[in-house]
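Below, chains carry the letters A, B, ... as their sequence lines are ordered, and counting in each starts from 1. Computed from a predicted structure; not experimentally measured.
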2 protein chains.
Amino acid sequence: MTKAKTPKLSELLRRGEIFAVECPSREILKHVTSRWGVLVLVALMEGTHRFSDLRRKVGGVSEKMLAQTLQCLEKDGFIHRVSLPVVPPHVEYSLTPMGAEIGRKVESLADWIEINLPTILAAQRAG
Amino acid sequence: MTKAKTPKLSELLRRGEIFAVECPSREILKHVTSRWGVLVLVALMEGTHRFSDLRRKVGGVSEKMLAQTLQCLEKDGFIHRVSLPVVPPHVEYSLTPMGAEIGRKVESLADWIEINLPTILAAQRAG
DNA sequence: CGGAATCCAAGATGATACTG
DNA sequence: CAGTATCATCTTGGATTCCG
């Protein structure tokens, strides 16, 4: 790790950077708020799951998208992947401490929507 | 409005519905967590904005997507739109009370990512 | 100024088949 | 079981143009 490129924290932490096109936060936000990313994070809040468990739990997700989503969130450091070297293969997914933190935010959002859904639907009809 | 189809609240409020393909919450979640939906909600947390203000503030958004996003969130009851009948046109957007609630969740998520970005990027490189 | 309408490129997603 | 590879499709998103 070279020291040359280390940016000032104050630069990275300033609020409002997210509105800039080139802000790296946007990429992370995209992963986390992606169609399947949200549901996978919420699912993993309940604990470790195997691939096929997640596939069954998250209704409608294809193998491809689940694999892709898991890899992406693993690369971001939100998901921990453990592959047991046995046949048939056995792979477990869980949240890292960081994943659990962001998972709480996402879950909170999802819960709010589920709870307020009747109100939202009523507003839609009234509008 | 017929009464026949009104579902039991207990049905709609049960946690985990979001994992079902047909759960209506998924649509709302999609709107709120959409690429521009997140940024628009966060932007409006700071107060009322005009169309062109939002366009300037939310870097990279096209007129089309901004209009589409605003209409969608207005339909969901998160955004209040006021059109002043003057020339040139003057339209103001603000959050409804419900919009402010969900806005806080979304903002919290965005803020967390911005704050933890250095950690996330470090994790990416380490992984 | 604040859109609506149109066209088109790019990316996300899905079904299926295959593999270690 | 846990993926990967390939191809088809479907949705997003952007540029442009026009209008009240």
Which nucleotide wins on minimum distance to the side chain of B:Ala67, given the candidates C:dA4, C:dG14, C:dG2? C:dA4

Any idea which heavy atoms bring A:Glu114 and B:Cys23 closest together, and the distance? OE2-SG, 4.4 Å

Check every strand shown and say whether B:Gln68 touches a base, only sugar-phosphate, or nothing at a heavy-atom separation below 4.0 Å. nothing

How do A:Pro89 and A:Arg55 order along DNA chain C: which one's closest nucleotide is nearer the 5' end? A:Arg55

Please pick, from C:dG2, C:dC1, D:dA2, the nucleotide with the shortest atom-to-atom distance to any side-chain atom of A:Arg50. D:dA2

Expressed in angstrom and rounded to an integer, what is the separation of A:Lys64 atom NZ from C:dC18 atom C1'? 15 Å

Would you kindly give the CZ-to-C1' distance between A:Arg81 and D:dA2, to the nearest whole Å? 8 Å

Any side-chain N or O of B:Gln71 below 4.0 angstrom from OP1/OP2 of C:dA4? yes

Once you round it to whole Å, what is the distance between P of C:dG11 and CE of A:Met65? 14 Å

Could you tell me which non-hydrogen atom of B:Val21 sits nearest to which non-hydrogen atom of A:Gly59, and how far apart they are? CG2-C, 3.6 Å

On DNA chain C, nearest-nucleotide positions of B:Ser52 versus A:Lys30: which is more 5'? B:Ser52

Would you say the side chain of B:Ile28 lies within less than 4.5 Å of the side chain of A:Gln124, judging by non-hydrogen atoms? yes

A:Arg56 or B:Gly60, whichever maps to the more 5' nucleotide of DNA chain D: A:Arg56

Look at B:Arg35 and D:dT12 and indicate whether a side-chain polar atom (N or O) is within less than 4.0 Å of OP1 or OP2. no

Do any side-chain nitrogens or oxygens of B:Tyr93 fall under 4.0 Å of OP1 or OP2 in C:dC1? no

B:Val91 side-chain proximity, nearest of D:dG3, C:dG2, C:dG14: C:dG2

Side-chain contact test, heavy atoms from C-beta onward, threshold under 4.5 Å: evaluate it for A:Leu66 versus A:Trp36 and give yes or no. no

B:His90 NE2 to C:dG2 P, in whole Å, measures 7 Å

Counting heavy atoms from C-beta on, name the nucleotide in C:dG2, D:dG3, C:dG14 closest to the side chain of A:Phe51. D:dG3

Minimum side-chain heavy-atom gap B:Thr33-B:Leu109 below 4.5 Å: no

